**Student:** 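One structure coming up, written as structure tokens, with questions to follow.
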Amino acid sequence: MAETTRTSATTIDSAACAPEWTEILRQMIFIRRFEEATEREFRRGKIGGYLHVYSGQEAVATGILSAIQKGDIVFSGYRDHAHALTLGADPCRVMAELFGKATGVSKGKGGSMHLFDAEHGFYGGYGIVGGHLTLATGAAYALRYQQTERIVVCYFGDGAMNIGSFHEAMNIAGLWGKQGMCPVLFVIENNGYAMGTSIERHSALTDLSARVRAYSIQAEKVDAQDVFAVRGVADRVIRQIRETGKPYCIEAVTYRFSGHGAADILQPYRTKDEVEEHRHRDPIMILRNRLREICGLSDDDVKKMEDDAGERAAQAVKFAEESPVPDPRELFTDVVAEHGPQPETES
Amino acid sequence: MAEKTYRDAIREAMMEEMDRDTNVLIMGEDIGVYEGTFRITAGMLKKYGPRRVIDTPIAEAGMAGTAVGMAMLGLRPIVEMMTMNFAIVAADQILNHAAKVRYFSGGQVDVPMVIRGPQGAGVQLSAQHSQTFETFYGHFPGLAVVTPATPADAKGMLKTAIRGKDPVIFLESAALYGMKGEVPDDLDFTVPFGQSRVAREGSDVTIVSYGRMLQVSLIAAEKLSNDEGIEAEVIDLRSIRPLDLQPSYASVAKTHRAVVVQEQWKPFGAAAEIAASITEEMFDDLDAPVARVTGEDVPMPYARNLELLATPHEPQIIAAVKKVMYHD
């Protein structure tokens, strides 16, 4: 099994200037503007509950999800806006979900932590840390059982690696992988903190990839502020997962610029200097500079992307604001299947 | 119709459904090679192979959680818990995930899965292995909770559970595994949830129960008839969620007295819910407060004499009936 390696894109070939990279930059900028809008709307009292924004981690969602295929299934924890958006969920409906509106992707019943868009392959947004890892493992088994070539991508944070369901999911995935029955890509979004507890304080062994390899699952570390590096690894390992039906784990080393949640203002667990230092490795800046230097992306192009992203985020807010709240009758729907717990009549 | 044990009825239900629908599979601890601690799954690995009869590690959260993921993608997994006591380890997966994902996704997925296994006291398994869980699971919307008391219901309700669209907690009474009863042969024989039944007709008092305590209540009713001339009507609830109390209300309208029997602890139990509902709905018909017969409020002891004292038996039911009839 491979040693822990830190992959980075040291050479850029002409494919680096493929139009796809411009699209990835556009998407990363949009995620940032969207998240900034959610923070504003949270402060205005338009968004309730918890709000966990993704700023700083954009290369993890875009680098991997740009490499999957239609029909693949994605699970995430509660920092889930970027995953849903990158899969193609309508930003207006995502924002409407955060506003608790009937037009939301989960009909206003889930909120920020439970975005869900099955049509685009997004199977949730889960709020119990680590709980969804077992679901993703079972989903992967189902996809193979049904003899498809679809795979599952399962995102979770470094903080999810200390709860029992992580270990149960990894062990089962490792076992099922040996039979080629577990095509799942586990993505650790290692942003260095479990809420406010740093990795050195929450993990006895801080080499997270090594912890995954303990379950007979291949794992590698990638500098996830560099979307080229993320995408490079993703292309390779997703192909391997699809071919072998074995799980794989990417430890995406990243950093979150905002607080853990919108209420995490003081951030006593880290210094402003630390955050500033990481802002010098902003994934959007890294990609933008590279496209400027190598592919001739102009300042005007970037400005237009920024303006478009801001405009689309504003549109989403407007849509959410103008949408109706859920009908009171919705309170009682979707608890169980409409016909109740009876078997359906056979046709 | 053929006479079958409760155990065989459960196995037959699973195998018939696995024959009918390849999306049905079963996983659990030592259900395959070992053929099951209670031999419910005997012969299944040989017939269906390891992809459909999955021996899992001892990892209840892993079993329940992977079943949720399978169900969301269209399979119909059955999870056998070696005993339902162990399913507490999977509480997050069952209560926070299985029971809620339909709702918080706005109805975008079905979660057709069954978590089944034995529960209950009676064979000196002491505190960690003797509990019952209908009250625990019955509290949570998004789940169905069923407690079959006969081989026919065990088979028919398990088929309903497997064919459904929602997570079902299927609570088997370990003490009933060897019980025999008539079971219909029809491959499409199912018993719907939320339809309780009159298990014994009577006119003097209503006894409401489910699961193993239904059988104890029936024995008590026979003794009351033979020894006291009291004719008890016994209602079998069959499922706790959904809960159908209409036959209980109709019976109380006739008898004006009710006794609710459950195996486990009295505080905040299923019997409390049922007694409160009868009181709310039938207050003007009642001639006595609704009585509860329950287990004692202690962890289950090991010693045989203490275990017998901790669980309800016919004498407690008879005493409660006499009390609501003011015969004491």
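Because the structure is predicted, anything quoted here is derived from the model rather than measured. Naming: A, B, ... by sequence-line order, numbering from 1 per chain.
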**Student:** Would you say B/I58 has more than 12 foreign heavy atoms packed within less than 6.0 Å of its CD1?
**Tutor:**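 Open.
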**Student:** Examine whether an atom of B/P50 lies under 4.5 Å from a heavy atom of chain A, and if so say whether it belongs to the side chain, the backbone or both; otherwise answer neither.
**Tutor:**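 Just its backbone gets close to chain A.
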**Student:** Looking at B/A67, B/S105, B/G142, which has the largest count of heavy-atom pairs under 4.5 Å with chain A?
**Tutor:**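 Answer, by heavy-atom pair count under 4.5 Å with chain A: B/S105.
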**Student:** Is it true that B/R241 and B/D166 have a side-chain N and a carboxylate O under 4.0 angstrom from each other?
**Tutor:**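 Here B/R241 does not pair with B/D166 in a salt bridge, since their nearest N and O are not under 4.0 Å apart.
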**Student:** Side chain from CB out, backbone as N, CA, C, O: work out which of these in A/E330 comes under 4.5 Å of a heavy atom of chain B, or both, or neither.
**Tutor:**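 For A/E330, the contact with chain B is made by the backbone alone.
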**Student:** Out of A/T137, A/I73, A/T134, which one racks up the most heavy-atom pairs below 4.5 Å with chain B?
**Tutor:**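 Between A/T137, A/I73, A/T134, the count favours A/T134.
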**Student:** Does any heavy atom of chain B fall under 4.5 Å from the side chain of A/A169, the backbone, both, or neither of them?
**Tutor:**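 A/A169 has no heavy atom closer than 4.5 Å to chain B.
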**Student:** Inspect the contact between B/D244 and B/R197 and indicate whether a charged nitrogen and a carboxylate oxygen are less than 4.0 angstrom apart.
**Tutor:**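 Salt bridge absent between B/R197 and B/D244.
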**Student:** Does A/E149, at its CD atom, have more than 12 non-hydrogen atoms belonging to other residues, nucleotides or ligands within less than 6.0 Å?
**Tutor:**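 Counting neighbours around CD of A/E149, 12 or fewer heavy atoms of other residues, nucleotides or ligands fall under 6.0 Å, so no.
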**Student:** So which part of A/M181 gets closer than 4.5 Å to some heavy atom of chain B, the side chain, the backbone, both or neither?
**Tutor:**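 Contact with chain B: side chain only.
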**Student:** Start with the C-alpha distance between A/H202 and A/D158, add both sets of side-chain angles, then the distance that settles side chain to side chain donor-acceptor pair (under 3.5 Å), and finish with yes or no.
**Tutor:** CA-CA 9 Å; A/H202 77 59; A/D158 50 292; 2.8 Å; yes
**Student:** Should the ring pair B/F133 and B/F136 be called parallel, tilted or perpendicular, given that the plane angle runs from 0 to 90° and is split at 30 and 60?
**Tutor:**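 B/F133 vs B/F136 ring planes: perpendicular.
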**Student:** Between B/M63, B/M27, B/R52, who has the most heavy-atom pairs with chain A when the cutoff is under 4.5 Å?
**Tutor:**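 Ranked by contacts with chain A, first place is B/R52.
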**Student:** Check each atom of A/L133 against the heavy atoms of chain B and say whether the ones under 4.5 Å are side chain, backbone, both or neither.
**Tutor:**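 Answer is neither: A/L133 stays 4.5 Å or more from chain B.
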**Student:** At a 4.5 Å cut-off on heavy atoms, which part of A/V152 comes close to chain B: side chain, backbone, both, or neither?
**Tutor:**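 Looking at A/V152, nothing touches chain B.
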**Student:** Please step through side chain to side chain donor-acceptor pair (under 3.5 Å) for the pair B/Y6 and B/E172, ending with a clear verdict.
**Tutor:** CA-CA 9 Å; B/Y6 190 96; B/E172 299 158 11; over 6 Å; no
**Student:** Between A/Y123 and chain B, with a heavy-atom cut-off of 4.5 Å, which part of the residue counts as in contact: side chain, backbone, both or neither?
**Tutor:**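 Contact with chain B is through both the backbone and side chain of A/Y123.
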**Student:** Under a 4.5 Å heavy-atom cutoff, which of B/D110, B/I54, B/V146 has the most pairs with chain A?
**Tutor:**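 Most heavy-atom pairs under 4.5 Å with chain A: B/I54.
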**Student:** Report which part of B/V109 has an atom under 4.5 Å of a heavy atom belonging to chain A: side chain, backbone, both, or neither.
**Tutor:**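 Contact with chain A: side chain only.
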**Student:** Using a 4.5 angstrom heavy-atom cutoff, name the option from B/P167, B/S239, B/A61, B/A71 with the most pairs to chain A.
**Tutor:**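 Sorted descending by pairs with chain A, the first entry is B/A61.
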**Student:** Please state whether the rings of B/H97 and A/Y126 are parallel, tilted or perpendicular, taking 30° and 60° as the class boundaries.
**Tutor:**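 B/H97 vs A/Y126 ring planes: parallel.
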**Student:** Quick check on A/I163 against chain B: is it the side chain, the backbone, both or neither that has a heavy atom closer than 4.5 Å?
**Tutor:**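 For A/I163, no heavy atom lies under 4.5 Å from chain B.
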**Student:** Identify which part of A/L175 has an atom lying under 4.5 Å from any heavy atom of chain B, answering side chain, backbone, both or neither.
**Tutor:**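 Side chain only.
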**Student:** Could you tell me how the ring of A/Y78 sits relative to the ring of A/H260: parallel (under 30°), tilted (30 to 60°) or perpendicular (over 60°)?
**Tutor:**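 Rings of A/Y78 and A/H260: perpendicular, over 60°.
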**Student:** For a salt bridge (Lys or Arg N to Asp or Glu O under 4.0 Å) check, start with the C-alpha distance between B/K155 and B/D185, then their side-chain angles and the critical distance, and finish with the verdict.
**Tutor:** CA-CA 10 Å; B/K155 183 170 182 182; B/D185 294 319; 5.9 Å; no
**Student:** Between A/F75 and A/H83, is the ring centre distance below 6.0 Å?
**Tutor:**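 No; A/H83 has its ring centre 6.0 Å or more from that of A/F75.
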**Student:** Which region of B/L25, side chain (C-beta onward) or backbone (N, CA, C, O), has a non-hydrogen atom less than 4.5 Å from a non-hydrogen atom of chain A, or is it both or neither?
**Tutor:**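 When you check distances to chain A, only side chain atoms of B/L25 fall under 4.5 Å.
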**Student:** Based on non-hydrogen pairs under 4.5 Å, which of B/G69, B/P57, B/A64, B/A59 is most in contact with chain A?
**Tutor:**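 Top count of heavy-atom pairs under 4.5 Å with chain A: B/G69.
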**Student:** For the interface with chain B, which of A/G131, A/G164, A/G108 has the highest count of heavy-atom pairs at distances below 4.5 Å?
**Tutor:**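 Top option by heavy-atom pairs under 4.5 Å: A/G131.
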**Student:** Counting only heavy atoms from other residues, nucleotides and ligands, does the tally under 6.0 Å from NZ of B/K47 exceed 12?
**Tutor:**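 Yes.
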**Student:** Please determine, among A/H132, A/E97, A/K109, the option with the most heavy-atom pairs under 4.5 Å with chain B.
**Tutor:**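 Max contact count across the listed options: A/K109.
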